[in-house]
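Please read the structure below before turning to the comments.
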There are 2 protein chains.
Amino acid sequence: MSRSRFGEPVGEQIEVCPVTQTQDIIAGKWKIIILWNLSTQTRRFNELQRLLPNISKGILTRQLRELEEDQMVHREVYKEVPPKVEYSLTPLGQSFIPILQSMGEWSKKNLVSK
Amino acid sequence: MSRSRFGEPVGEQIEVCPVTQTQDIIAGKWKIIILWNLSTQTRRFNELQRLLPNISKGILTRQLRELEEDQMVHREVYKEVPPKVEYSLTPLGQSFIPILQSMGEWSKKNLVSK
DNA sequence: CAGTATCCCACTGGATACTG
DNA sequence: CAGTATCCAGTGGGATACTG
């Protein structure tokens, strides 16, 4: 699925606005906080669900799948019973960590909690 | 309107996840790109609409109003005929510019356009 | 444990027509 | 020019029940 916007034909190339591409990846109510929770360590499905109060399994699955599609998250399945699945950041996901940190710091520094 | 999530009573205080607060502000299909377009200069309503192909007046208005509510954008109305309205970043909005830049650079460096 | 499979609903975005 | 005012449609999020 292509979620690009702002397609502008430039010769054979398509020029896409960079910040919009980023927007497309982190759009989704839980994406950022999921990445944040994976930034320090690998986590299992249930663990993530516990960390994200009020998220349902279905939604958590969908958000993780989309992050996987966008190569931000890696899903490692251990063939055991009971099943064990571990989520972690890919190199691309890791390269995004500084931005997550900036967001956290910006928020703490500039936003009064309302 | 309070859009905070993850409310956790801590004494009299409410503890809210910082990255989630940021998420709440930049959620919305056009928020980031609007901030981006205001990061270098003040812009008028129609100017913004031209810069954001395919956005309708109604939506642009709504997104701008929400950014105003969150103190990210300032709206300056000139009492003239025909009307002139200029949008610019508030100090809070300006403090967010480095993050926007990181996003743009991250995208250009790490995302192949797909 | 880590998911699917459904169904549902609210909200957000989008289109269009009208206005001070 | 810079909006409102409506109305509509799609989608994304949420709840619940079931499963390998």
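Numbered from 1 within each chain, the chains take letters A, B, ... in sequence-line order.
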Please report the closest heavy-atom contact between [X] and [Y], naming both atoms and the distance.
{"X": "A/Ile26", "Y": "B/Gln23", "answer": "O-OE1, 4.2 Å"}
{"X": "A/Ser107", "Y": "B/Pro18", "answer": "OG-O, 3.1 Å"}
{"X": "A/Ser95", "Y": "A/Pro98", "answer": "O-CD, 3.5 Å"}

Working for side chain to side chain contact (heavy atoms under 4.5 Å, CB included), residues B/Met72 and B/Lys31: CA-CA 10 Å; B/Met72 296 290 279; B/Lys31 298 275 181 74; over 6 Å; no
Round to a whole Å and report the spacing from [atom1] of [X] to [atom2] of [N].
{"X": "A/Lys31", "N": "D/dT11", "atom1": "NZ", "atom2": "C1'", "result": "13 Å"}
{"X": "B/Lys84", "N": "D/dG3", "atom1": "NZ", "atom2": "C1'", "result": "17 Å"}
{"X": "A/Leu51", "N": "C/dA2", "atom1": "CG", "atom2": "P", "result": "13 Å"}
{"X": "A/Gln49", "N": "D/dG14", "atom1": "CD", "atom2": "C1'", "result": "12 Å"}
{"X": "A/Glu68", "N": "C/dG3", "atom1": "CD", "atom2": "P", "result": "9 Å"}
{"X": "B/Leu64", "N": "D/dC1", "atom1": "CG", "atom2": "P", "result": "17 Å"}

Intermediate values then yes/no, side chain to side chain contact (heavy atoms under 4.5 Å, CB included), A/Glu76 and A/Tyr87: CA-CA 6 Å; A/Glu76 183 76 34; A/Tyr87 292 91; over 6 Å; no
side-chain hydrogen bond (donor to acceptor under 3.5 Å, both in side chains) pairs, two or more places apart, involving residues 36-46 of chain B: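 Only B/Arg43-B/Glu47 qualify under side-chain hydrogen bond (donor to acceptor under 3.5 Å, both in side chains).
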Results of ring pair (Phe, Tyr, Trp, His ring centres under 6.0 Å) for B/Phe96 - residues two or more places apart only: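 Only A/Trp106 meet the ring pair (Phe, Tyr, Trp, His ring centres under 6.0 Å) criterion with B/Phe96.
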Worked verdict on A/Ile33 versus A/Leu51 for side chain to side chain contact (heavy atoms under 4.5 Å, CB included): CA-CA 9 Å; A/Ile33 187 79; A/Leu51 289 165; over 6 Å; no
Check: B/Thr90/B/Gln71 side-chain N/O donor and acceptor closer than 3.5 Å: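 Short answer, no.
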Nucleotides 11-20 of chain C: protein proximity per nucleotide (B base, S sugar-phosphate only, - neither; heavy atom, under 4.0 Å): -SBBB----B
Shortest side-chain distance from A/Arg65, nucleotide among D/dC1, C/dT4, D/dT4: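 Nearest listed nucleotide: C/dT4.
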Nucleotide nearest B/Val85 when distance is taken to its side chain, options C/dC1, D/dG3, C/dG3: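 Selected nucleotide: D/dG3.
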N or O in side chain of B/Tyr87 less than 4.0 angstrom from D/dG3 OP1/OP2: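 Yes, such a contact exists.
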C/dA2 phosphate, OP1 or OP2, under 4.0 Å from A/Arg50 side-chain N/O: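 Checking A/Arg50 against C/dA2: no side-chain N or O falls below 4.0 Å of OP1 or OP2.
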Gap between atom CZ of B/Arg62 and atom OG of B/Ser56 - 0.5 Å precision: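 Separation between the atoms: 8.5 Å.
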Selection: residues 37-45 of chain B, any non-hydrogen atom under 4.0 Å of DNA chain D: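 By residue number: B/Arg44, B/Phe45.
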Those residues of residues 73-82 of chain B lying under 4.0 Å from DNA chain D by at least one heavy atom: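 Heavy-atom contacts with DNA chain D come from B/Arg75, B/Pro82.
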Test side chain to side chain contact (heavy atoms under 4.5 Å, CB included) applied to A/Leu67 and A/Ile34, step by step: CA-CA 9 Å; A/Leu67 286 169; A/Ile34 289 173; 3.9 Å; yes
5'-to-3' dot-bracket of DNA chain D (Watson-Crick, G-U; under 3.5 angstrom; crossing pairs as [ ]; | other strand): ||||||||||||||||||||
A/Gln63 side-chain N/O to A/Trp30 backbone N/O, donor-acceptor pair under 3.5 Å: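 Yes; at least one donor-acceptor contact below 3.5 Å.
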Path from A/Tyr78 to A/Leu48 over hydrophobic side-chain contacts below 4.5 Å: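 Cluster IDs for A/Tyr78 and A/Leu48 differ.
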Partner of A/Leu35 by side-chain contact (heavy atoms from CB on, under 4.5 Å), out of A/Leu89, A/Ile99, A/Ile25: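 The single option meeting the side-chain contact (heavy atoms from CB on, under 4.5 Å) with A/Leu35 is A/Leu89.
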